[in-house]
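Each remark here refers to the structure printed beneath this line.
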Amino acid sequence: MKLIHALIAAMVVTLAPYAHAGDRAVAEALFAEARALMDQGKYAEACPKLDASNKADPAVGTQLNLANCYEKIGKTASAWSMYLQVLASPGIDASRAALARSRSDALAPTLSKLTIRVPHPIPNLRVTRDSVLVDAATFGVPIPIDPGHHVVDATVDGLTRFHAVSEVTGSAGSVVVTIQL
């Protein structure tokens, strides 16, 4: 039995680099394609490729390029958030940290915000924004959000009881959605 465990452990150690090599290759190919698209000014096409590259093999350089790409297409909150992620990266070099700090600081006053208010406790309330569950701790807090069309739904016991569509404008726009049941 010990021999089987030793063989499995050896296989895992031996094959581990290969499991990630494909991810790195995918990430590099996507990154190269995205950079070519950015050089052509095709940012809307480049951003999803950079995002996929970052998911396959997260890297500070990819994240900086993705943040820049988001800025170019007006996704200011996504850009700001990505710059903050870069700043939180362990071992980030000083020049990249300075760039990320400078860009995040410049974006901060321009961020649009969406506040979801719930005027009173509602048992079994489930709120989503753009089909993503909203944590109740964020109710009443202005949350940075990319400008554009956003949908807020509230359900109780699985039944939709509230539906709101909001258009959040750019450059420090602010929208408040109050859940009314």
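Predicted model, so just to flag it, every value in this text is computed and none were measured.
- Of all heavy-atom pairs between Pro142 and Thr115, the closest is CA-OG1, 3.2 Å.
- For the pair Pro147/Thr169, no side-chain contact is recorded, criterion being any heavy-atom separation below 4.5 Å from C-beta on.
- The CD1 atom of Ile122 sits 10.0 Å away from atom CD of Gln180, with the distance rounded to the nearest 0.5 Å.
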(message) Between Val156 and Phe162, does the side-chain contact (heavy atoms from CB on, under 4.5 Å) criterion hold? Intermediate values first, please.
(response) CA-CA 9 Å; Val156 176; Phe162 178 85; over 6 Å; no

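- To the nearest 0.5 Å, atom NZ of residue Lys75 and atom SG of residue Cys69 are 9.5 Å apart.
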Check residues 123-141 and write down every donor-acceptor pair under 3.5 Å in which the side-chain atom is one partner and the other belongs to a residue at least two apart or another chain.
from	atom 1	to	atom 2	distance (Å)
Asn124	ND2	Asp157	OD1	3.1
Asp130	OD1	Val151	N	2.8
Asp130	OD2	His150	ND1	2.5
Asp135	OD1	Ala137	N	2.8
Thr138	OG1	Asp135	O	2.7

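- Between Ser104 and Tyr83, the shortest heavy-atom distance links the atoms CB-CB, 3.8 Å.
- In terms of hydrophobic clustering, with Ile, Leu, Val, Met, Phe, Trp and Tyr side chains grouped at heavy-atom distances under 4.5 Å, Ile179 and Val168 are assigned to a common cluster.
- Formation of a donor-acceptor pair under 3.5 Å by the Ser53 side chain with backbone atoms of Ala27 is found in this model.
- Side-chain contact annotation: Ser78 with Asp146, donor-acceptor N/O pair under 3.5 Å present.
- The hydrophobic clustering, which links ILVMFWY residues whose side-chain heavy atoms are closer than 4.5 Å, places Trp80 and Ile92 together.
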(request) Walk me through it: do Ile145 and Leu111 pass the test side-chain contact (heavy atoms from CB on, under 4.5 Å)? (result) CA-CA 7 Å; Ile145 192 166; Leu111 294 176; over 6 Å; no

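- Contact detail for Leu87 and Ala97: the closest heavy-atom pair is CD2-O, 3.4 Å.
- With rounding to the nearest 0.5 Å, the separation of OH in Tyr43 from CD1 in Ile73 is 11.0 Å.
- The minimum heavy-atom distance linking Pro109 with Ala172 is given by the pair O-CB, 3.6 Å.
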(request) Apply the test side-chain contact (heavy atoms from CB on, under 4.5 Å) to residues Ile143 and Lys113: give CA-CA distance (whole Å), side-chain angles for both, the deciding distance (0.1 Å), then the verdict. (result) CA-CA 5 Å; Ile143 303 296; Lys113 296 187 175 120; over 6 Å; no

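- To the nearest 0.5 angstrom, Leu107 atom CG is 13.0 Å from Met82 atom CE.
- The distance from atom CD of Glu71 to atom CG of Leu66, rounded to the nearest 0.5 Å, is 11.0 Å.
- Here the shortest heavy-atom pairing between Ser171 and Ser112 reads N-OG, 3.9 Å.
- Looking only at side-chain heavy atoms (C-beta outward), Ser166 and His149 stay at 4.5 Å or farther from each other.
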Just list the side-chain donor-acceptor pairs under 3.5 Å for residues 33-41, sequence neighbours left out, or say none.
from	atom 1	to	atom 2	distance (Å)
Arg35	NH1	Asn65	OD1	2.8
Arg35	NH2	Asp39	OD1	3.4
Gln40	OE1	Lys42	NZ	3.2
Gln40	NE2	Ala36	O	3.4

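- Remark: the backbone N or O of Ala98 is not paired with any side-chain donor or acceptor of Ser102 at under 3.5 angstrom.
- Atoms NZ and OG1, from Lys55 and Thr62 in turn, are 13.5 Å apart once rounded to the nearest 0.5 Å.
- Heavy atoms only, all atoms of each residue included: Leu64 and Arg96 are closest at CD1-CG, 3.7 Å.
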